[in-house]
Amino acid sequence: MEHLAGLNEQQKSAVLQTEGPVLIIAGAGAGKTKTITHRILHLIKEGVSPRSILAITFTNKAAKEMRDRVSKLLNSQPTTNSLRQEFDPSADNRWSNVNTPLLSTFHALGVMILKENASILNIPRHFSILDKSDSLKFIKDAMDAEGIDRKNFDPSNIANLISREKGNAVTFREFEAKADTEYIPKIVSSVWKRYEDALAKEKSLDFDDLLLKTAMLLKDNPTVREHYQNTWKYIHIDEYQDTNRVQYLIAKYLGEKNRNLCVVGDIDQTIYSWRGADIKNILGFEKDYPEAKIIFLEENYRSTQTILTAANRVIEKNKFRKEKNLFTKNGEGEKIGLMEAYDENDEARFVAQKAKELIEEKGVSPSEIAVLYRANFQSRALEEGMLNRNVPYQVLGTRFFERKEVKDVIAYLKSSLNPESLSDMKRIINVPPRGLGKVTVLKIFADQEGTLPATTRKKVNDFREILEGIKEIALREKPSQTIKHIIKVSGMEDELRKGGTEDEERLLNLHELVTFATKYDLFEKSEEGIEKFIEEAALASDQDELTKNKSAVKLMTVHAAKGLEFEYVFITGLEDDLFPHKRLSAGKIDERQSEEERRLFYVALTRAKKKLYLSYASVRTIYGSKQINVPSEFVFDIDEELVSKEEKYEGGGKIIYLD
């Protein structure tokens, strides 16, 4: 079979095992995406209808990469020529009749299923999707309505608790029933009820609803469940170790009839328990599917053997795992650099100087250098170090779709399609200023519009006409034309042109939004394209910012780095209490948390392709107090022969580099 020629024996085994449940334990850099995409190609070559194949992953970035690879594979195969013109890697073709595999994220799959069954759920097809910041605002409003003091109860904590419960497949009614007597759950229950009422009133869903309502729909409606089971007979779940309870249930309901469920993951990279990921899902796969075939992918194509040996030594101390040993044919590679700094500023100077040398002396692209840290606060000193040495850098986490002007344009679009989304209307009714103040807005929302002065009522009617016009354009024209129309007809363009440099930059961001929208112009029906545009804008992740390919050193938390790779990686702040991180409230961590911290360090190590640098500071200022530190236990887990000391600290803050 010519299409299997580039696979190693383990990958080939995973590709050929097409029937029944399959668990692929794929080590970091072991070619899991290549394996999944070749498995999809092999299924099609064996006569399986492409439309009956589903592959689910977690991020837009990963889904796009998978679509691109599948497209390339299909277009390169002589027996799949009929698919060449039909498969569009820029979209998932969810509402078309094109005979292609569906490659999607969990949330995008949820949106698709909910929209296709909107009438059953009594929701409009154009329901709004709240992002995290919008959800938090709704929570705050609910707390205010309940008279709950936000100083005593952190809205973010309540929002996270509700999110966690939904991720555990707990509905509000179930939570309310068990929250009857306890004080904190009763507080949360009262806020949750207000929150749900507000969502229902505005015909909106939050991120967690996209999954929870999908799972409940599949559970409670046998006809719907059977329809999708008959649609997707071969199901692939990527990053299975990151699934929470509700994602586990979606996979279970979709796969229980045909049992052709292929899950891919790495127990050693389970690092998201704090947001609901349950390691038991992957550890218990063989219990759920006793007939499952287990395949290990251990050959690494990313890193040097030195990096892998260090990673193997670190992770072998964990008990809750399936034993595997990463290896590579890439060669030994350079030793791991270790730097002991006096304080965080000393550490930042070293990192920035070394990055500058790599760029200027070795010709390394800045985008192939990453600086990782355990906690967000560490970025401040590192940014300062980069600025002082004129090293271009980008902090991962500033999302394009979180910018005010971008959210304003999208709010215009959402409000035009879903007039019941009062939060969207409230956001933009006076953007740009049109003389409609808070009192006017309150009266509109209280159905007291008739009491407004005639001039004010005219302004409100003019605003509504703008929204009606936007809706007409959105359902008729290409998405990029719709966004151009909104920018112009709303008055935002004229308003921003009057401003200074900052407003010019905001206008450029809106131009970038038009560019982003052009990828949805390919949809045959305008309505489908605009729906997909709104959805992806709402579901965009921090990692999507990296697709802009900005030539800069990347600064990010280790959690944000998962799934990425770089030639040179700095892992900073390797001090006891910081990494491994000890929760401020408890002051210590249990075995489960300890193992997750070790997995997190393992993930950090395995991001590097050519060379690793580890660093720690003897003194670090945290919350205004200087703390004297000892090196992290992780530093001592790495064999001495793998490490080369990069620097020696001399009393006055001077760093001496040693060969």
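Counting only N and O atoms by type, the side chains of N330 and K609 include no donor and acceptor under 3.5 Å apart. Side-chain atoms of Y228 and E116 include a donor-acceptor pair closer than 3.5 Å. Between the side chains of T306 and T304, no donor-acceptor pair is found at a separation under 3.5 Å. With 3.5 Å as the limit, one finds no donor-acceptor pair spanning the side chains of Y289 and E256. Between the side chains of Q241 and E239, at least one donor N or O sits under 3.5 Å from an acceptor N or O.
The line from NZ of K354 to CZ of F570 is 7.5 Å long, rounded to the nearest 0.5 Å. For the atom pair E340 CD and E575 CD, the distance stands at 10.0 Å (nearest 0.5 Å). The CG atom of L600 sits 13.0 Å away from atom CD of Q593, with the distance rounded to the nearest 0.5 Å. The line from CZ of R374 to OG1 of T557 is 8.5 Å long, rounded to the nearest 0.5 Å.
Applying the side-chain hydrogen bond (donor to acceptor under 3.5 Å, both in side chains) criterion to T57, with sequence neighbours excluded, gives D238.
No salt bridge links D266 with K32; every basic N to acidic carboxylate O contact stays at or beyond 4.0 Å. A salt bridge between E368 and K610 is absent, with no side-chain N of the basic residue lying under 4.0 Å from a carboxylate O of the acidic one. Remark: E65 does not engage K61 in a salt bridge, criterion side-chain N to carboxylate O under 4.0 Å. Look at D637 and R598 and you find a salt bridge, because one of the NZ, NE, NH1 or NH2 atoms lies within 4.0 Å of a carboxylate O, short of that distance. Salt-bridge check for E226 with K257: passed, with a basic side-chain N closer than 4.0 Å to an acidic carboxylate O. For the pair E316 and R321, the salt-bridge criterion is not met [side-chain N within less than 4.0 Å of a carboxylate O]. Ion pair D68/K64 flagged as a salt bridge, since at least one NZ, NE, NH1 or NH2 atom sits closer than 4.0 Å to an Asp/Glu carboxylate oxygen.
The backbone N or O of G6 lies less than 3.5 Å from a partner atom in the side chain of K34, making a donor-acceptor pair. Remark: side-chain polar atoms of N318 are not paired, donor with acceptor, to backbone N or O of F320 under 3.5 angstrom. The closest donor-acceptor contact from the side chain of Q394 to the backbone of K554 lies at 3.5 Å or more, if one exists at all. Checked by atom type and distance alone, the side chain of N300 never pairs as donor or acceptor with a backbone atom of L326 at under 3.5 Å.
Counting heavy atoms of neighbouring residues, nucleotides and ligands inside a 6.0 Å radius, atom NZ of K611 exceeds 12 of them. The environment of NZ in K12 is crowded: more than 12 heavy-atom neighbours from other residues, nucleotides or ligands sit within 6.0 Å. The environment of CD in E291 is crowded: more than 12 heavy-atom neighbours from other residues, nucleotides or ligands sit within 6.0 Å. Counting heavy atoms of neighbouring residues, nucleotides and ligands inside a 6.0 Å radius, atom NZ of K324 exceeds 12 of them. For E19, the CD atom is densely surrounded, since the number of other residues' heavy atoms within 6.0 Å is greater than 12. Shown here is K335, whose NZ atom has more than 12 heavy atoms of other residues, nucleotides or ligands within 6.0 Å.
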Stepwise side chain to side chain contact (heavy atoms under 4.5 Å, CB included) test for L41 and V15: CA-CA 9 Å; L41 172 64; V15 168; over 6 Å; no
Output, in order, the C-alpha distance, side-chain angles, deciding distance and verdict of side chain to side chain contact (heavy atoms under 4.5 Å, CB included) for Y373 and L555. CA-CA 8 Å; Y373 37 84; L555 274 60; 4.0 Å; yes
Worked check of side-chain hydrogen bond (donor to acceptor under 3.5 Å, both in side chains) between E9 and Q11: CA-CA 6 Å; E9 289 305 310; Q11 291 171 334; over 6 Å; no
Stepwise side chain to side chain contact (heavy atoms under 4.5 Å, CB included) test for L308 and F327: CA-CA 7 Å; L308 297 181; F327 68 93; 5.5 Å; no
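Looking only at side-chain heavy atoms (C-beta outward), F350 and T572 stay at 4.5 Å or farther from each other. Between K532 and K519 the shortest side-chain heavy-atom distance does not fall below 4.5 Å.
In this pair, F579 and F634 present their aromatic rings perpendicular. The plane angle is above 60°, beyond the 30 to 60° band.
A ring-centre distance under 6.0 Å is found for H3 and H42.
Of the residues E323, Q10, K322, the one that meets the side chain to side chain contact (heavy atoms under 4.5 Å, CB included) test with F296 is K322.
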